[in-house]
2 protein chains.
Amino acid sequence: MPYTKYMKTLKDKKMKITQQRLEILRYLDENRTHPTLEQLYEFIRTKFPAISKMTVYNVISSLIDNGIISSMRFVNSTELRVDYDKSSHFHFLCGKCGKIYDIESGFDLLDHVKRNGHKFDEYTVNIYGTCKNCLKNK
Amino acid sequence: MPYTKYMKTLKDKKMKITQQRLEILRYLDENRTHPTLEQLYEFIRTKFPAISKMTVYNVISSLIDNGIISSMRFVNSTELRVDYDKSSHFHFLCGKCGKIYDIESGFDLLDHVKRNGHKFDEYTVNIYGTCKNCLKNK
DNA sequence: CTTATTAATTATAACATTTACAATTTAATA
DNA sequence: TATTAAATTGTAAATGTTATAATTAATAAG
């Protein structure tokens with residue numbers, strides 16, 4: 001039963017269990033590539049041809065609102081990228097090949113900044129540079 | 001001479017000195033509000049009515065390419081935001097009022113992550129939560 | 001100081017991502 | 001099974017960005 005895990009995830013948040021949500025959750029869980037919604041849509045369509053792009057937007061929006069997945073944007077593009085992995089880690093975008101790498105943080109950044117009375121909930125760290133592979137093939 | 005400083009900045013990078021660039025640099029220097037290009041355009045237009053929005057895009061793009069200013073995007077919006085301050089600091093976006101606060105980092109994040117053979121050039125840290133003021137008025 | 005060269009600015013249009021809306025369909029509940 | 005509330009769908013509109021080509025302006029050379 002590959003979907004029971006995701007059914008529980010949705011149920012725990014009192015969200016309705018729909019085929020579209022299950023399929024998208026499964027894809028994100030099994031493909032940790034930080035896809036854009038367009039990429040997500042293109043893939044999901046191969047398994048679920050009738051899905052609407054709007055559904056992808058709606059599903060992702062509700063998953064984010066319920067704290068099930070996280071999201072980020074890089075400076076080089078307006079597109080939202082999503083990530084099934086909510087654990088504390090950074091993202092490294094290679095400016096040459098465009099690949100995104102997960103970078104282990106090893107510490108909680110919020111432990112190192114003064115709050116000044118503000119309430120901090122979450123954070124994203126985006127690192128820009130050139131990846132190992134692109135350095136080699138230069 | 002309020003513009004000599006910016007003339008030097010451009011000259012050092014071998015960039016042509018234009019009225020549009022000087023006006024935008026001055027605005028960014030004197031207004032550390034991390035404006036969007038739209039906000040920048042609206043203001044600059046009051047002082048320089050003939051300026052084109054494309055010029056704002058072009059000027060910002062060249063200032064970024066030459067390492068004079070930095071930029072970031074938050075997850076709640078597709079818009080690029082720009083920052084005259086290139087020193088190491090984080091950005092905190094209040095989800096209630098939308099205000100952006102500079103947060104002192106006190107340490108260089110890149111000293112704390114394993115490079116794994118990658119070359120890291122820059123990074124942005126975006127923190128999300130609720131600001132002091134909005135907590136108070138709730 | 002004038003001219004030539006090169007780059008920047010401008011205006012228009014095209015493109016891409018996201019949001020708004022209303023109608024239809026589906027999931028959960030009684 | 002019927003009801004209700006929510007999710008999905010399709011269309012269109014809004015927003016932010018990029019592409020292109022013509023005009024204008026800044027720099028360098030004569």
Side-chain angles (χ1 to χ4, degrees), chain A residues 3-4 6-25 27 34-45 47-66 68-69 71-82 98, chain B residues 3-4 6-25 27 34-45 47-66 68-69 71-82 98:
Chain A
Y3 295 105
T4 44
Y6 312 117
M7 291 171 75
K8 180 169 175 0
T9 300
L10 294 172
K11 207 163 197 178
D12 287 350
K13 296 289 184 177
K14 301 192 199 318
M15 295 171 70
K16 280 194 181 171
I17 293 162
T18 67
Q19 295 306 306
Q20 293 88 339
R21 285 175 173 175
L22 292 175
E23 203 65 57
I24 287 173
L25 271 175
Y27 178 78
H34 318 88
T36 64
L37 300 212
E38 179 67 28
Q39 290 167 345
L40 202 45
Y41 174 62
E42 287 308 327
F43 178 83
I44 293 292
R45 228 152 51 115
K47 297 200 124 190
F48 207 143
I51 202 168
S52 157
K53 187 183 269 193
M54 276 318 305
T55 300
V56 177
Y57 275 88
N58 291 335
V59 167
I60 291 304
S61 171
S62 63
L63 293 177
I64 290 171
D65 290 349
N66 284 281
I68 295 169
I69 63 173
S71 63
M72 79 217 71
R73 283 183 217 271
F74 294 101
V75 291
N76 71 325
S77 156
T78 61
E79 293 169 289
L80 189 74
R81 287 176 175 276
V82 291
Chain B
Y3 295 104
T4 42
Y6 312 117
M7 291 172 75
K8 179 169 174 359
T9 300
L10 294 171
K11 207 164 196 178
D12 287 350
K13 297 288 185 179
K14 301 192 198 319
M15 294 171 70
K16 279 192 180 170
I17 294 161
T18 68
Q19 295 306 307
Q20 292 88 337
R21 285 174 174 175
L22 292 175
E23 203 65 57
I24 287 173
L25 271 175
Y27 179 78
H34 319 87
T36 64
L37 300 212
E38 181 65 30
Q39 290 168 344
L40 203 44
Y41 174 62
E42 286 308 327
F43 177 82
I44 293 291
R45 228 151 52 113
K47 295 202 122 185
F48 207 142
I51 202 168
S52 158
K53 187 184 271 193
M54 275 317 305
T55 300
V56 177
Y57 275 87
N58 292 335
V59 167
I60 291 303
S61 171
S62 63
L63 293 177
I64 290 172
D65 291 348
N66 284 280
I68 295 169
I69 63 174
S71 64
M72 79 219 71
R73 283 182 216 272
F74 294 101
V75 291
N76 72 325
S77 157
T78 61
E79 292 169 290
L80 190 73
R81 287 177 173 278
V82 291

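Chain A is the first sequence line, chain B the second, and so forth, proteins listed ahead of strands; every chain is numbered from 1.
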What closest approach, in Å, do [X] and [Y] show between heavy atoms, and which atom pair accounts for it?
X: B/Pro35; Y: B/Tyr27; answer: CG-CE2, 4.3 Å
X: B/Ser71; Y: A/Val75; answer: O-CG1, 3.4 Å
X: A/His34; Y: A/Met72; answer: CD2-CE, 4.0 Å

OP1 or OP2 of [N] versus the side-chain N and O atoms of [X]: is any pair under 4.0 Å?
X: B/Arg73; N: C/dT18; answer: no
X: A/Thr78; N: D/dG16; answer: no
X: B/Thr18; N: C/dT9; answer: yes
X: A/Gln20; N: D/dT9; answer: yes

[X], nearest nucleotide to its side chain (from [options]):
X: B/Met54; options: D/dT18, C/dT18, C/dA28; value: D/dT18
X: B/Thr55; options: D/dT27, C/dT18, C/dT10; value: C/dT10
X: B/Lys16; options: C/dT17, D/dA25, C/dA11; value: D/dA25
X: B/Tyr57; options: C/dT19, D/dG16, C/dT10; value: D/dG16

Short side-chain to backbone donor-acceptor contact, B/Arg21 and B/Val59, under 3.5 Å: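 Flag not set: sc B/Arg21 to bb B/Val59 has no pair under 3.5 Å.
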
Let me know the distance between [atom1] of [X] and [atom2] of [N], rounded to the nearest Å.
X: A/Tyr41; N: C/dT18; atom1: OH; atom2: P; answer: 15 Å
X: B/Asn58; N: D/dT20; atom1: CG; atom2: C1'; answer: 12 Å
X: B/Asp65; N: C/dA7; atom1: CG; atom2: P; answer: 15 Å
X: A/Leu80; N: C/dT17; atom1: CG; atom2: P; answer: 12 Å
X: B/Arg21; N: D/dT27; atom1: CZ; atom2: C1'; answer: 13 Å

Whichever of B/Asn76 and B/Val59 has its nearest DNA chain C nucleotide further upstream toward 5':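 Nearer the 5' end of the strand: B/Val59.
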
Whichever of B/Ser77 and B/Met15 has its nearest DNA chain D nucleotide further upstream toward 5':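 Whichever sits nearer the 5' end wins; that is B/Ser77.
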
Identified side chain to side chain contact (heavy atoms under 4.5 Å, CB included) partner of B/Glu23 from the options B/Phe48, B/Phe43, B/Tyr6: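 Exactly one candidate clears the test, B/Phe48.
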
